[in-house]
Amino acid sequence: MAIKKITVTASGIYDVLIGGGLLRFCGGYVKNVTEASKLAVITDDTVDALYGKIVTDALEAEGFGVCKFVFPHGETSKSAKTLTDIWNFLCENNLSRSDCLIALGGGVVGDITGFAAATYLRGIDFIQLPTTLLAQVDSSVGGKTAIDLDGGKNLVGSFKQPKLVLCDTDTLDTLSDDIFIDGMGEVIKYGMIKSESLFAELEQYTTEALRKNKAALDDIIAQCVTIKRDVVEADEFDTGERMLLNFGHTLGHSIEQYYNYTGISHGKAVGIGMRMITHVAEKNGMAETGTYARLKNCLDYYGLDINVEPAMSELAGACINDKKRFGDSINIIICSNIGTSAVKKMPVEAFFAMLSETSEN
Ligand code: NAD
Ligand code: GLY
């Protein structure tokens with residue numbers, strides 16, 4: 001299958017390449033975008049066992065000096081402690097300002113490696129090799145980097161665009177269904193916010209059917225990256241249009257926090273958040289009748305129609321720390337129908353009241 005190329009023009013210009021087999025040839029692609037002599041591959045233990053050697057071999061074959069830092073997989077590693085360990089590792093291995101970091105893994109690896117690249121020596125280059133569906137369609141593109149604090153997710157971070165993104169879609173074959181469907185949460189989000197035609201295409205599949213159809217999956221990933229590219233180009237620093245990408249995330253982050261970032265994954269929490277906010281929107285006349293049912297059904301096709309313990313009113317409190325809050329107001333993303341979204345600025349109190357007065361039953 002042909003490799004698809006999408007170019008992002010933001011504070012840095014870079015290509016996102018999508019297709020099978022890219023990791024085996026990553027050395028040549030990396031060589032095209034960096035003058036580095038040393039590369040530090042940052043990855044987690046699960047991804048290292050699967051793809052660490054393929055990547056280091058491919059990079060060394062192009063003459064790069066390669067060192068590798070591996071941390072335990074999972075959201076709890078997206079911490080100040082891991083970041084400090086990465087900084088010290090880079091220092092011990094004498095990475096200089098002309099060298100480059102390689103983020104090999106899912107969104108956790110990408111976010112923390114990007115933040116290490118933004119801060120080490122006041123900024124060095126980095127390249128994204130995303131290996132989860134979520135990272136390929138969302139987190140590896142657009143330059144948001146971060147770590148979590150005890151008080152909430154992604155509360156410390158920066159904007160730092162990568163030099164290149166290689167989405168090797170063969171790596172998705174080793175994902176469990178559970179991790180694959182996390183990415184489907186974000187895929188469905190793109191359909192909801194910007195593309196009725198993408199959403200309608202997604203309605204034709206289930207997780208099992210889509211995983212079997214590699215051509216369709218590559219095409220869907222490219223559609224998502226194109227939407228993300230367009231949004232990022234319009235508003236790189238997240239002051240308007242880019243907030244649309246946070247559809248479902250305000251409640252989603254509260255759900256993740258409620259479960260201490262271990263009980264429920266990001267993609268599933270976003271799925272529930274999208275469903276809840278669309279229900280609230282429809283009940284309050286902000287979304288066309290039927291939007292909620294169509295979203296709920298589509299989430300169901302992918303195993304994402306999940307129930308959680310806390311009621312919406314209980315989640316409201318955690319939204320106070322959300323990055324979309326500005327003083328007494330909060331920006332909520334509402335889809336008035338499938339494919340159409342807008343940012344609504346609301347007093348925090350009014351948002352809380354709306355959540356408290358609406359139950360999903
Ligand atoms: P993750 O990085 O924790 O990966 C999920 C699991 O899959 C991990 O255990 C990992 O080891 C494993 N894994 C990765 N690739 C694999 C493969 N090919 N085969 C088998 N196992 C594999 O989680 P994620 O869902 O990729 O990303 C979630 C993170 O992304 C969250 O921290 C979220 O905040 C962040 N995020 C960031 C942005 C952004 O714009 N920067 C956008 C969305 C999400
Ligand atoms: N995933 C949200 C953003 O990139 O803005």
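All ligand and atom numbering here is 1-based and tracks the order in the structure.
- Among Thr76, Ile112, Thr132, Asp170, the residue whose heavy atom lies nearest to atom 14 (C) of ligand 1 is Thr132.
- Interface of Lys144 with ligand 2, defined as ligand atoms under 4.0 Å from a residue heavy atom, comprises 2 (C), 3 (C), 4 (O), 5 (O).
- Using a 4.0 Å heavy-atom cutoff, Asp111 is listed among the residues neighbouring ligand 1.
- The N/O atoms of Lys189, backbone and side chain alike, include none that comes under 3.5 Å of an N/O atom in ligand 2.
- Side chains of Asn88 and Thr84: a donor-acceptor N/O pair is absent below 3.5 angstrom, by distance only.
- The proximity of Leu172 to ligand 1, defined as any non-hydrogen pair under 4.0 Å, does not occur for either the backbone or the side chain.
- When heavy-atom distances to ligand 1 are checked against a 4.0 Å cut-off, Gln136 has no atom that comes that close, whether in backbone or side chain.
- Residue contacts with ligand 2 for Lys228 involve side-chain atoms from C-beta outward but no N, CA, C or O (heavy atoms, distance under 4.0 Å).
- The closest non-hydrogen atom to atom 30 (O) of ligand 1, taken over Gly107, Gly185, Gly143, Ser176, comes from Gly107.
- Of all atoms in ligand 2, listed by their number and element, those nearer than 4.0 Å to a heavy atom of Asp138 are 1 (N).
- Here's the thing with Thr145: none of its N/O atoms is less than 3.5 angstrom from an N/O atom of ligand 1.
- Aromatic rings from Tyr205 and Tyr301 are positioned such that their centres are separated by 6.0 Å or more.
- Side-chain atoms of Asp111 and Thr145 form no donor-acceptor pair, as typed in the model, at a separation below 3.5 Å.
- Of all the heavy atoms of Leu50, the ones lying under 4.0 Å from any atom of ligand 1 belong exclusively to the side chain.
- The closest approach between Asp238 and ligand 2 stays at or above 4.0 Å for every heavy atom of the residue.
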